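These figures come from a predicted structure and were not determined experimentally. Residue numbers start from 1 in every chain, and the chains themselves are labelled A, B, ... in the order their sequence lines are given, proteins ahead of strands.
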2 protein chains.
Amino acid sequence: MQSRTPAPRATGRPRNAKADAAILAATREALVELGWSKLTLGDVAMRAGVAKTTLYRRWAGKNELVVDAVAELFDELRLPDRGTLAADIEGVVLQFAAILARPEAKSGLMAVVAESIRDDALRERIRESIVDRQKRLVLEGRARAQRRGELPAETDPGEAARTVDLIFDVVAGAVVHRTLVSAEPADEEWVRSFTRVLLLGLSGASQAP
Amino acid sequence: MQSRTPAPRATGRPRNAKADAAILAATREALVELGWSKLTLGDVAMRAGVAKTTLYRRWAGKNELVVDAVAELFDELRLPDRGTLAADIEGVVLQFAAILARPEAKSGLMAVVAESIRDDALRERIRESIVDRQKRLVLEGRARAQRRGELPAETDPGEAARTVDLIFDVVAGAVVHRTLVSAEPADEEWVRSFTRVLLLGLSGASQAP
DNA sequence: CCATTACGCTACGACTCGTAGCGAAAGCTC
DNA sequence: GAGCTTTCGCTACGAGTCGTAGCGTAATGG
């Protein structure tokens with residue numbers, strides 16, 4: 001989770017473990033109050049009660065710090081077992097929407113994604129910390145639905161991987177766009193409509209190649 | 001398109017009309033070379049061959065300037081008439097993907113959307129300049145498909161509006177997520193798969209309420 | 001006790017921001 | 001052409017942030 005995790009040495013004064021949590025919490029607090037553009041590392045350091053230099057010793061810069069601070073928000077994502085694929089999808093999408101409704105997630109996530117366009121290392125960091133963790137939910141959900149018989153077992157593994165990627169882009173993209181661009185809540189009614197379209201599209205697409 | 005369009009006065013020295021175009025072009029050029037975070041208004045002014053003060057007289061700040069610069073990229077979006085709804089959708093999605101593949105669009109769009117979270121006026125500006133212009137394509141496409149008989153005529157206008165919003169969030173969100181977060185090209189193969197899922201989902205959803 | 005590392009603090013040059021003030025330029029009306 | 005109005009280019013400025021260097025001190029392990 002930390003920036004470098006510089007192979008914890010056996011000798012020397014150990015890092016203050018509480019400082020990491022305090023800094024990340026202070027970062028989220030600053031994101032809520034100030035937003036991305038007005039957030040400064042000096043301000044975060046003051047909120048966390050550490051020196052600015054300590055912050056720079058642990059993180060390379062604002063981008064990396066905010067990625068870690070936002071990534072913690074997505075740790076609470078779980079795949080519920082509600083009995084049917086539709087209900088499972090609705091549940092996880094609602095969780096995702098609830099996280100994205102929080103101002104610290106909105107402010108931070110889009111900004112670091114924008115920065116990642118010109119920073120491959122940052123994009124990889126985002127992928128590891130945030131994106132891949134959600135994609136696992138799609139994989140689990142599909143496997144569970146196949147066990148239930150709600151989805152046909154995949155034959156071509158390459159095709160299956162492409163389908164998972166497609167689903168992920170559609171789900172995450174739609175919720176993000178609804179929440180951040182359209183600025184409308186992804187509430188239960190919207191999620192229900194969206195899930196119906198997605199499920200019909202997927203079952204139909206696999207039936208008629 | 002300009003920032004203020006301050007009710008063009010009949011008296012006084014008129015604004016240099018070419019300066020606007022030069023500034024917006026310089027902004028896109030700087031977005032490509034520097035990206036959002038390293039783009040400075042002083043640099044843009046130098047590229048455009050105008051004084052920095054002139055730039056501040058026409059735009060309130062970096063956000064508004066970049067919105068206008070990016071908005072021009074979306075002016076070329078057209079709804080092709082390829083005979084079928086599926087082909088029409090594929091065509092417009094491919095155009096959208098082509099625009100988003102350009103680095104000036106990537107760098108600028110996500111950044112201003114991120115900023116718009118804490119700036120309602122900026123979000124409204126984005127909506128007017130970029131979002132609503134695309135949403136019109138969805139409306140036209142649906143109307144055309146209904147004339148062809150590919151989609152049933154809508155009964156409840158409120159329900160129809162919600163459906164259009166849903167389609168728009170799904171299409172734009174999926175393409176943006178694919179291009180910017182997954183960092184994979186939205187090429188013909190992907191667009192074909194996506195369109196199939198979307199169409200099956202929509203026709204099925206309207207058949208079975 | 002000593003080597004090693006982390007920490008808090010101060011200070012620093014470099015950079016960007018957004019604005020103010022100035023004289024000159026370019027249009028309109030009379 | 002005279003006079004008015006607005007824009008333009010230029011310079012300068014205080015304020016704020018960045019990221020780093022240097023220093024003395026604190027906290028571990030050998």
Side-chain angles (χ1 to χ4, degrees), chain A residues 1-24 26-27 30-31 33-66 107 111-112 115 118-119 121-122, chain B residues 2-24 26-27 30-31 33-67 107 111-112 115 118-119 121-122:
Chain A
M1 188 64 64
Q2 296 103 332
S3 177
R4 309 173 184 168
T5 319
R9 290 155 185 75
T11 175
R13 175 178 176 175
R15 283 189 172 174
N16 182 352
K18 294 180 181 175
D20 266 24
I23 291 170
L24 292 176
T27 303
L31 276 176
E33 294 183 18
L34 305 173
W36 162 268
S37 59
K38 293 183 180 175
L39 180 150
T40 69
L41 295 197
D43 183 88
V44 170
M46 193 182 312
R47 290 171 188 265
V50 302
K52 192 175 65 165
T53 44
T54 297
L55 213 156
Y56 275 102
R57 289 187 187 104
R58 303 194 182 197
W59 280 275
K62 189 169 162 176
N63 293 335
E64 290 76 9
L65 174 62
V66 171
S107 302
V112 293
E115 291 299 310
R118 297 188 55 84
D119 186 340
L122 182 63
Chain B
Q2 297 103 331
S3 175
R4 308 170 187 172
T5 320
R9 290 156 184 74
T11 176
R13 174 177 176 175
R15 283 189 173 174
N16 184 350
K18 295 179 182 175
D20 266 23
I23 291 171
L24 293 176
T27 303
L31 276 176
E33 294 183 18
L34 306 174
W36 162 268
S37 58
K38 293 183 181 175
L39 180 150
T40 68
L41 294 197
D43 183 88
V44 171
M46 194 182 312
R47 291 172 188 266
V50 302
K52 191 174 66 164
T53 44
T54 296
L55 213 155
Y56 275 102
R57 288 187 187 104
R58 303 193 182 197
W59 280 276
K62 189 169 164 177
N63 293 336
E64 290 76 9
L65 174 63
V66 170
V67 169
S107 302
V112 294
E115 290 299 311
R118 296 188 56 83
D119 186 338
L122 182 62

d([atom1], [X]; [atom2], [N]) in whole Å:
{"X": "M46(A)", "N": "dT17(D)", "atom1": "CE", "atom2": "P", "answer": "9 Å"}
{"X": "N16(A)", "N": "dA26(D)", "atom1": "CG", "atom2": "P", "answer": "16 Å"}
{"X": "L39(A)", "N": "dG16(D)", "atom1": "CG", "atom2": "C1'", "answer": "15 Å"}
{"X": "E64(B)", "N": "dG18(C)", "atom1": "CD", "atom2": "C1'", "answer": "13 Å"}
{"X": "D43(B)", "N": "dA14(C)", "atom1": "CG", "atom2": "P", "answer": "20 Å"}
{"X": "W59(A)", "N": "dT20(D)", "atom1": "CH2", "atom2": "P", "answer": "16 Å"}
{"X": "R15(B)", "N": "dT5(D)", "atom1": "CZ", "atom2": "P", "answer": "18 Å"}
{"X": "L34(B)", "N": "dC15(C)", "atom1": "CG", "atom2": "C1'", "answer": "14 Å"}

Quick check: does any side chain N or O of [X] sit under 3.5 Å from a backbone N or O of [Y], one acting as donor and the other as acceptor?
{"X": "K52(A)", "Y": "D43(A)", "result": "no"}
{"X": "T27(B)", "Y": "I23(B)", "result": "yes"}
{"X": "K38(A)", "Y": "A30(A)", "result": "no"}
{"X": "R118(A)", "Y": "E33(B)", "result": "yes"}

Q: Answer yes or no: does a side-chain N or O of T11(A) lie under 4.0 Å from OP1 or OP2 of dT5(C)?
A: no
Measure from the side-chain heavy atoms of [X] and tell me the nearest of [options].
{"X": "A51(A)", "options": "dT19(C), dC18(D), dG8(C)", "result": "dG8(C)"}
{"X": "R13(A)", "options": "dC18(D), dC8(D), dA26(D)", "result": "dA26(D)"}
{"X": "R57(B)", "options": "dC17(C), dT5(D), dC8(D)", "result": "dC8(D)"}
{"X": "T40(B)", "options": "dG9(D), dT20(D), dC17(C)", "result": "dC17(C)"}
{"X": "K52(A)", "options": "dA6(C), dG18(C), dG19(D)", "result": "dG19(D)"}
{"X": "T53(B)", "options": "dG9(D), dA26(D), dT16(C)", "result": "dG9(D)"}

**Q.** Closest heavy-atom pair and its distance - V112(A), W36(A)
**A.** CG1-CZ3, 3.9 Å
Q: Could you pick out which residue, P14(A) or L41(A), lies toward the 5' side of DNA chain D when each is mapped onto its nearest nucleotide?
A: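 It is L41(A), whose closest nucleotide lies nearer the 5' terminus.
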